[in-house]
Amino acid sequence: LQGDPLSALLYILCVDCLMGALKHTCPLDMFRACADDLCGVLSNIRSLISIQVVFEEFSSISGNCLRPEKCVVVVLSFPLEGNILSVKEYLAQHIPKWASFSVVTHATYLGFVMGPTAGKHIFAKAKKEWLHRIADLASTSAGPTISVLNYNIKVVSIFSYLCQLIPIPNDILTKEH
């Protein structure tokens, strides 16, 4: 079906069924999807077993499956390090197919770094790109009008996506020595 005008609609219908099955199976948990990126916030680690069953059924029907190298479990409860080990052990014991999932304290979902230790990581990539674009802009011999226009188009836009959820920290735009 790839390339067929209806393929996107069929995919959305399949993902909608998957999301409905997840919500029905784990009503206390929250699930979100954007294209082929799925996210869930679970009230209890035991929900993973039920979720794995849903994914197995979905895979057998649709032919789509999880790619373990892209799957991440973000631990939200403290103590973080102790719980990372507990989650890894839980996966190995109860869902061996998922034992290779990364278990971390922050991860990127749709361009946003999320999790209890996201802090300094949230703007790190954006700041690096911002500094790179500032340097590129400074190396041109454009006049003030073109420079301001380029700044507004190429530089300011870097933070606009992240600022939908998180204000820019005061120290992020300071010059580093």
Side-chain angles (χ1 to χ4, degrees), residues 7-130 157-172:
S7 63
L9 177 62
L10 292 173
Y11 180 79
I12 290 169
L13 290 172
C14 287
V15 171
D16 188 55
C17 290
L18 172 63
M19 297 302 287
L22 289 169
K23 189 61 184 168
H24 177 76
T25 303
C26 303
L28 299 177
D29 301 329
M30 180 181 72
F31 301 96
R32 297 290 182 261
C34 182
D36 64 346
D37 290 325
L38 301 176
C39 176
V41 179
L42 311 180
S43 58
N44 191 309
I45 193 170
R46 289 185 297 275
S47 295
L48 288 171
I49 293 173
S50 301
I51 291 168
Q52 188 261 343
V53 170
V54 170
F55 274 103
E56 289 292 324
E57 289 175 2
F58 180 76
S59 178
S60 69
I61 294 167
S62 70
N64 291 313
C65 58
L66 295 174
R67 291 178 34 204
E69 68 275 6
K70 293 189 76 179
C71 296
V72 179
V73 176
V74 178
V75 175
L76 301 176
S77 57
F78 291 90
L80 295 173
E81 294 306 319
N83 283 326
I84 286 176
L85 185 58
S86 297
V87 171
K88 286 181 179 183
E89 290 171 353
Y90 186 86
L91 289 173
Q93 183 178 3
H94 298 283
I95 313 171
K97 288 182 178 181
W98 290 10
S100 63
F101 285 12
S102 295
V103 181
V104 296
T105 57
H106 68 272
T108 303
Y109 179 68
L110 302 178
F112 291 98
V113 181
M114 300 180 176
T117 62
K120 65 181 178 183
H121 304 283
I122 293 172
F123 285 95
K125 185 176 178 182
K127 183 172 183 178
K128 183 178 178 181
E129 182 61 24
W130 179 75
S157 61
I158 293 171
F159 292 112
S160 62
Y161 180 68
L162 294 173
C163 290
Q164 295 177 68
L165 294 180
I166 309 156
I168 297 176
N170 293 332
D171 65 334
I172 200 79

* Asked: For D29, which residues count as a side-chain hydrogen bond (donor to acceptor under 3.5 Å, both in side chains) partner, sequence neighbours excluded?
  -> S43, S47

* Structure fact -> What one should report as the nearest heavy-atom pair of F58 and N64 is CE2-CB, 3.9 Å

* Asked: Listed by chain and number, what are the side chain to side chain contact (heavy atoms under 4.5 Å, CB included) partners of E129, not counting sequence neighbours?
  -> H132, R133, I158

* To do: Sequence neighbours left out, what passes ring-ring contact (aromatic ring centres under 6.0 Å, His included) with F112? Give chain and number order.
  => Y161

* To do: Decide yes or no for L38 and M19: does some side-chain heavy atom of the first lie under 4.5 Å from some side-chain heavy atom of the second?
  => yes

* **Check: V73 and W98 side chains under 4.5 Å, non-hydrogen atoms** => no

Could you go through residues 99-108 and list every donor-acceptor pair under 3.5 Å that involves a side-chain atom there, pairing it with any protein atom two or more places apart or in another chain?
{"unit_1": "T105", "atom_1": "OG1", "unit_2": "T117", "atom_2": "OG1", "d": "2.6"}
{"unit_1": "H106", "atom_1": "ND1", "unit_2": "T117", "atom_2": "OG1", "d": "2.8"}

* **Atom pair CD (Q52) and CZ (F55), whose distance is rounded to the nearest 0.5 Å** => 10.0 Å

* A126 to F159 - nearest heavy-atom pair and separation -> CB-CE2, 3.7 Å

* Is the backbone N or O of I12 less than 3.5 Å from a side-chain atom of D16, with the two atoms forming a donor-acceptor pair by type? -> no

* Using ring-ring contact (aromatic ring centres under 6.0 Å, His included) as the criterion, list what pairs up with Y90, not counting sequence neighbours. => H94

* To do: Locate the shortest heavy-atom distance separating L76 from P116; write the atom from each residue and the value.
  => CD2-CD, 3.7 Å

* **Separation between OG1 of T25 and CD of E57, rounded to the nearest 0.5 Å** => 7.5 Å

* Asked: Y109 and D37: which non-hydrogen atoms are nearest, and at how many Å?
  -> OH-O, 3.2 Å

* For the student: nearest non-hydrogen atoms of A35 and Y11, plus distance -> O-OH, 3.5 Å

* S86 OG to L91 CG distance, which is reported to the nearest 0.5 Å -> 11.0 Å

* Could you pull out all residues at least two apart from I122 that satisfy side chain to side chain contact (heavy atoms under 4.5 Å, CB included)? => V113, A118, I166

* So which of I84, L85, I45 actually passes side chain to side chain contact (heavy atoms under 4.5 Å, CB included) with V75? -> I84

* Test item: S59 side-chain N/O and E56 main-chain N/O as donor-acceptor pair under 3.5 Å -> no

* Of all the heavy-atom pairs spanning G115 and V74, show the shortest one and how long it is. => CA-CG1, 4.0 Å

* Find the distance between CD1 (I51) and CZ (R46) and round it off to the nearest 0.5 Å. => 13.0 Å

* Can you find a heavy atom in the side chain of V53 that is under 4.5 Å from one in the side chain of S50? -> no

